[in-house]
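The structure displayed is predicted, hence computed values, not measured ones. Just so you know, residue 1 is the first one in the sequence shown, and it goes up from there.
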Amino acid sequence: MGHLGVKQIGLAIICLIVITAVSGCLSATKQPSVYGNETEATEYQGIELTPISNQGNNAIKGTHYIDRDTYRLQIDGLVETPVNLTYDQILEYPSTSKVLDLNCVEGWGFTAKWTGVQVETLFNVTGVNENATTVIFYSADGYSTSHDLDYLLDNNIMVAYKINDVTLPPDRGFPLQLVAEDKYGYKWGKWITHIQITNTGYKGYWETRGYSNKADVGGPAFE
Ligand SMILES: Nc1nc2c(c(=O)[nH]1)N[C@H]1C(S)=C(S)[C@@H](COP(=O)(O)O)O[C@H]1N2
Ligand SMILES: [Mo]
């Protein structure tokens, strides 16, 4: 009787483990991923998005971890009023969303929904001098890249703080990644801390190592 009881309990435990494992697998495939209390979007404007877990990731020095509370975005150079914005201040500006592909020059890419603030919105805060031509994006890991001011304004380019409706994960550039539409991935600066406006040419990390400064997707990778 005692032995039977132990067997029955053992069997019940095994059944419970199997049921939990099976239901866990089912829910993992059926439910959208949840990051903290945020639910990842799987589709936007009828376009299927690549799940964050299947997206590529690239960085010269691995993941950089930035503290939300002490973070500041410095914008200066050829501006009327330089600013140092907190993360919460950045979130207060009107937001915009776009579905776009990030294409690394190495041949991989993915489709995501990007949400953030347009660079133009930030430049309306600082004012931009008339002779400005170039914008340099500096990152916390020592990375940098640049864009023509006209490219950024004409294409409503944003710095994104969300990907697929989820706060940009640390390995993806929290708090900000530049969404450089139609440009190769190395033009999409992550962990951006400083935006500087100038009137001289500039070559960033990969650009000084021979990669095209224009970096149009489909165009030449090298100059
Ligand atoms: N700060 C920083 N930004 C960066 C890089 C980097 O090494 N450091 N790599 C670039 C390259 S080569 C690519 S392809 C994209 C990849 O973006 P992801 O990791 O969000 O997919 O980030 C770009 N931005
Ligand atoms: Mo890349």
Side-chain angles (χ1 to χ4, degrees), residues 40-64 95-123 132-139 141-166 168-169 171-174 176-192 195-223:
E40 182 175 358
T42 55
E43 178 268 336
Y44 185 62
Q45 294 174 337
I47 303 168
E48 199 186 320
L49 309 173
T50 312
I52 294 172
S53 57
N54 294 347
Q55 295 176 6
N57 182 348
N58 199 6
I60 51 165
K61 288 180 190 161
T63 299
H64 209 84
S95 77
T96 183
S97 293
K98 273 188 198 180
V99 177
L100 287 176
D101 291 352
L102 184 154
N103 292 292
C104 176
V105 72
E106 290 171 328
W108 54 269
F110 59 85
T111 306
K113 176 185 178 185
W114 310 88
T115 302
V117 55
Q118 283 184 13
V119 170
E120 184 168 19
T121 304
L122 301 177
F123 291 169
T133 57
T134 308
V135 182
I136 309 169
F137 296 85
Y138 297 97
S139 302
D141 59 345
Y143 194 84
S144 68
T145 190
S146 69
H147 290 276
D148 289 345
L149 177 62
D150 286 346
Y151 158 80
L152 297 172
L153 301 180
D154 294 349
N155 296 287
N156 300 318
I157 300 302
M158 71 170 99
V159 281
Y161 43 74
K162 283 193 172 190
I163 185 163
N164 293 357
D165 291 346
V166 167
L168 214 58
D171 58 337
R172 305 302 304 285
F174 178 86
L176 293 178
Q177 179 171 32
L178 183 72
V179 179
E181 184 170 356
D182 297 330
K183 302 285 186 184
Y184 285 127
Y186 61 86
K187 287 287 186 180
W188 299 49
K190 305 197 284 189
W191 308 293
I192 294 171
I195 301 176
Q196 188 180 38
I197 303 180
T198 96
N199 61 355
T200 58
Y202 180 86
K203 282 187 176 178
Y205 184 86
W206 286 117
E207 295 88 333
T208 55
R209 288 160 177 79
Y211 283 91
S212 165
N213 206 11
K214 199 153 183 268
D216 286 333
V217 172
F222 298 97
E223 280 194 329

Asks: Side-chain donor-acceptor pairs under 3.5 Å in residues 43-52, sequence neighbours left out?
Replies:
residue : atom : partner : partner atom : Å
Glu43   : OE2  : Gly46   : N            : 2.7
Thr50   : OG1  : Thr111  : N            : 2.9
Thr50   : OG1  : Thr111  : O            : 3.2

Asks: Show the nearest heavy-atom pair for residues Thr115 and Ser97, with the distance to one decimal.
Replies: OG1-OG, 2.8 Å

Asks: If the condition is side chain to side chain contact (heavy atoms under 4.5 Å, CB included), which residues does Asp182 pass it with, not counting sequence neighbours?
Replies: none

Asks: Could you pull out all residues at least two apart from Asp165 that satisfy salt bridge (charged side-chain N to carboxylate O under 4.0 Å, His left out)?
Replies: Lys113

Asks: Could you tell me which non-hydrogen atom of Trp188 sits nearest to which non-hydrogen atom of Leu100, and how far apart they are?
Replies: CH2-CB, 4.5 Å

Asks: Counting N and O atoms only, with roles assigned by atom type, does the side chain of Tyr161 sit under 3.5 Å from a partner on the main chain of Gln177, one being a donor and the other an acceptor?
Replies: no

Asks: For Lys162, give me all partners under side chain to side chain donor-acceptor pair (under 3.5 Å), at least two apart in sequence or on another chain.
Replies: none

Asks: Could you check whether any side-chain heavy atom of Val135 comes within less than 4.5 Å of a side-chain heavy atom of Phe123, counting everything from C-beta outward?
Replies: yes

Asks: Between Ile195 and Val119, does a side-chain contact (heavy atoms from CB on, under 4.5 Å) hold up when you go through it step by step?
Replies: CA-CA 10 Å; Ile195 301 176; Val119 170; 5.6 Å; no

Asks: If you look at every heavy atom in Glu181 and Tyr151, which pair is closest and at what distance?
Replies: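 Nearest pair, atom of Glu181 first, then Tyr151: O-OH, 2.7 Å.
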
Asks: Checking the side chain of Thr121 only, and the main-chain atoms of Val117 only, is there a donor and an acceptor separated by less than 3.5 Å?
Replies: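 No, Thr121 side chain to Val117 backbone: no donor-acceptor pair under 3.5 Å.
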
Asks: Taking the side chain as C-beta and beyond, is there a heavy-atom pair between Phe137 and Leu152 under 4.5 Å?
Replies: yes

Asks: How would you list, by chain and number, every residue that makes a side chain to side chain donor-acceptor pair (under 3.5 Å) with Asn57, sequence neighbours excluded?
Replies: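 Applying side chain to side chain donor-acceptor pair (under 3.5 Å) to Asn57 gives Asp171, Lys190.
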
Asks: Between CG of Leu168 and CH2 of Trp191, what distance do you get to the nearest 0.5 Å?
Replies: 9.5 Å

Asks: Under the 6.0 Å and 45° cation-pi test, does Arg209 pair with Tyr205?
Replies: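 Yes, cation above the ring, under 6.0 Å and within 45°.
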
Asks: Can you confirm whether Ile192 sits close enough to Tyr138 that some side-chain heavy atom of one is under 4.5 Å from a side-chain heavy atom of the other?
Replies: no

Asks: Residues in side chain to side chain donor-acceptor pair (under 3.5 Å) with Glu207, at least two apart?
Replies: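 In terms of side chain to side chain donor-acceptor pair (under 3.5 Å), with neighbours along the sequence ignored, Glu207 is linked to Thr145, Lys187.
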
Asks: Would you say Lys98 has more than 12 foreign heavy atoms packed within less than 6.0 Å of its NZ?
Replies: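 Atom NZ in Lys98 is packed in, count exceeds 12.
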
Asks: Residues in side chain to side chain contact (heavy atoms under 4.5 Å, CB included) with Thr198, at least two apart?
Replies: Thr134, Ile136, Gln196, Thr200

Asks: Could you pull out the closest heavy-atom pair between Pro220 and Ser212, with the gap in Å?
Replies: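 For Pro220 and Ser212, the tightest heavy-atom pair comes out as O-CB, 3.5 Å.
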
Asks: I'd like to know if the side chain of Glu120 and the backbone of Asn156 have a donor-acceptor N/O pair within less than 3.5 Å.
Replies: no

Asks: Could you grab the distance from atom CG of Leu176 to atom OG of Ser139, nearest 0.5 Å is fine?
Replies: 10.0 Å

Asks: Residues two or more places apart in sequence or in another chain: which of them pass ring-ring contact (aromatic ring centres under 6.0 Å, His included) with Tyr186?
Replies: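 Tyr186: ring-ring contact (aromatic ring centres under 6.0 Å, His included) contacts with Tyr211.
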
Asks: Between the side chain of Asp141 and the main-chain N/O of Tyr143, is any donor-acceptor distance below 3.5 Å?
Replies: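 Present.
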
Asks: Check whether any side-chain heavy atom of Val179 sits under 4.5 Å from a side-chain heavy atom of Leu102, and report yes or no.
Replies: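 They are not in contact (no side-chain heavy atoms under 4.5 Å apart), so the answer is no.
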
Asks: Name all pairs fulfilling the salt bridge (Lys or Arg N to Asp or Glu O under 4.0 Å) condition that reach into residues 142-153, sequence neighbours left out, sorted by first residue then second.
Replies: none

Asks: Just jot down the side chain to side chain contact (heavy atoms under 4.5 Å, CB included) partners of Ala112, sequence neighbours excluded, or say none.
Replies: Gln55, Phe110, Trp114, Ile163, Asn164

Asks: Decide yes or no for Ser144 and Tyr202: does some side-chain heavy atom of the first lie under 4.5 Å from some side-chain heavy atom of the second?
Replies: yes

Asks: Output all residues satisfying side chain to side chain donor-acceptor pair (under 3.5 Å) with Lys214, sequence neighbours left out; order by chain, then residue number.
Replies: Asp216

Asks: To the closest 0.5 Å, what do you measure between NE2 (His147) and CG (Asn213)?
Replies: 9.0 Å

Asks: What residues, two or more places apart in sequence or in another chain, satisfy side chain to side chain contact (heavy atoms under 4.5 Å, CB included) together with Thr133?
Replies: Asn199

